[in-house]
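Single-structure report; data block below.
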Amino acid sequence: MTSALPLAGPSAHIGAMSIPPPSLDQIEQIARDTVAGLPPPFAAPAADVALRVRDLADPQMLADLGINDPMSLTGLYEGVPMTHKSVSYPAPWPDTVWLFRRPILAELATRDGITLEELVSHVTIHEFAHHFGWSDNDIATVDRWWE
């Protein structure tokens, strides 16, 4: 399901040409390519995670997280980290990594020298790190490198 909401900003302009913003499918493909490129120890467990791309997080998701501004959430991991699962863990639905297009595009507009592919890959890896059970400090280390 896609949102009919407008983008955060206008399309990019190069000369007289206007370049439309990337679609949900294009962002999903970048994320899937990122997951496909994970090293072997991470590739197999990542294959069990659903990947979803939407324009914005839905209102209930934001409420559950205590987030008021939907533009502040570029991605989300929903599930139980691998480090907290047992072999008998019941899985009524797959763990899911969500990416949110409009906030990603808004963040991209504030970063010089960063491509869409780099940003989507970064957000994707950040969310999968939660799935792998990385601590917030481990993820913050990766995020500091990114900054």
Side-chain angles (χ1 to χ4, degrees), residues 1-13 18-39 42-86 88-147:
M1 177 167 116
T2 60
S3 171
L5 296 172
L7 289 172
S11 300
H13 293 278
S18 178
I19 300 171
S23 69
L24 296 171
D25 290 339
Q26 289 169 310
I27 290 177
E28 182 176 340
Q29 188 59 57
I30 294 167
R32 290 197 183 285
D33 291 345
T34 299
V35 173
L38 290 173
F42 299 103
D48 295 332
V49 177
L51 181 62
R52 304 284 182 255
V53 181
R54 301 291 184 263
D55 271 324
L56 293 168
D58 68 51
Q60 186 60 53
M61 190 180 285
L62 294 168
D64 291 347
L65 295 168
I67 296 174
N68 294 323
D69 180 7
M71 295 301 286
S72 68
L73 186 63
T74 57
L76 177 68
Y77 167 67
E78 282 188 322
V80 177
M82 291 172 48
T83 54
H84 291 92
K85 291 181 183 177
S86 70
S88 63
Y89 176 78
W93 57 84
D95 293 348
T96 304
V97 165
W98 294 92
L99 301 179
F100 304 111
R101 183 177 78 113
R102 288 183 56 207
I104 287 171
L105 295 177
E107 182 173 334
L108 183 65
T110 69
R111 293 182 174 258
D112 290 331
I114 301 297
T115 67
L116 175 67
E117 290 78 9
E118 290 169 334
L119 182 56
V120 171
S121 292
H122 172 75
V123 174
T124 301
I125 289 170
H126 179 106
E127 298 311 329
F128 271 89
H130 288 294
H131 171 67
F132 299 136
W134 291 14
S135 71
D136 287 337
N137 286 338
D138 293 336
I139 295 171
T141 300
V142 173
D143 285 342
R144 277 193 298 277
W145 171 81
W146 174 256
E147 300 297 324

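A quick note: this is a predicted structure, and the numbers were derived from the prediction, not measured. When reading the values below, keep in mind they use all heavy atoms of this one structure, side chains included, and skip hydrogens, waters and symmetry mates.
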Which atom names give the shortest non-hydrogen contact between [X] and [Y], and what distance separates them?
{"X": "Leu56", "Y": "Phe100", "result": "C-CD2, 3.4 Å"}
{"X": "Ile27", "Y": "Arg101", "result": "CD1-CG, 3.2 Å"}
{"X": "Thr110", "Y": "Glu107", "result": "OG1-O, 2.7 Å"}
{"X": "Ala57", "Y": "Met61", "result": "CB-SD, 3.8 Å"}
{"X": "Ile114", "Y": "Leu108", "result": "O-CD1, 3.3 Å"}

Are any side-chain N or O atoms of Glu127 and backbone N or O atoms of Val97, one a donor and one an acceptor, separated by less than 3.5 Å?
no
Using a strict cut-off of less than 4.0 Å between a Lys/Arg side-chain nitrogen and an Asp/Glu carboxylate oxygen, indicate whether Asp55 and Arg102 qualify as a salt bridge.
no
Residue pair [X] / [Y], side-chain heavy-atom distance below 4.5 Å:
{"X": "Val35", "Y": "Leu38", "result": "yes"}
{"X": "Leu119", "Y": "Leu105", "result": "no"}
{"X": "Asp48", "Y": "Asp95", "result": "no"}
{"X": "Ile125", "Y": "Thr34", "result": "yes"}
{"X": "Leu76", "Y": "Glu78", "result": "yes"}
{"X": "Val49", "Y": "Thr96", "result": "no"}

Atom pair OG1 (Thr124) and CD (Glu117), whose distance is rounded to the nearest 0.5 Å:
11.5 Å
Going from NE2 on His126 to OG on Ser121, what distance comes out if it is rounded to the nearest 0.5 angstrom?
14.5 Å
Could you pull out all donor-acceptor pairs under 3.5 Å where a side-chain atom in residues 63-74 meets a protein atom, sequence neighbours excluded?
residue	atom	partner	partner atom	Å
Asp64	OD1	Gln60	NE2	2.7
Asp69	OD1	Met71	N	3.0
Ser72	OG	Asp69	O	2.7

Could you go step by step and tell me if His122 and Glu118 meet the side chain to side chain contact (heavy atoms under 4.5 Å, CB included) rule?
CA-CA 6 Å; His122 172 75; Glu118 290 169 334; over 6 Å; no
Please enumerate all residues that pass side-chain contact (heavy atoms from CB on, under 4.5 Å) together with Pro39, with sequence neighbours excluded.
Pro41, Phe42
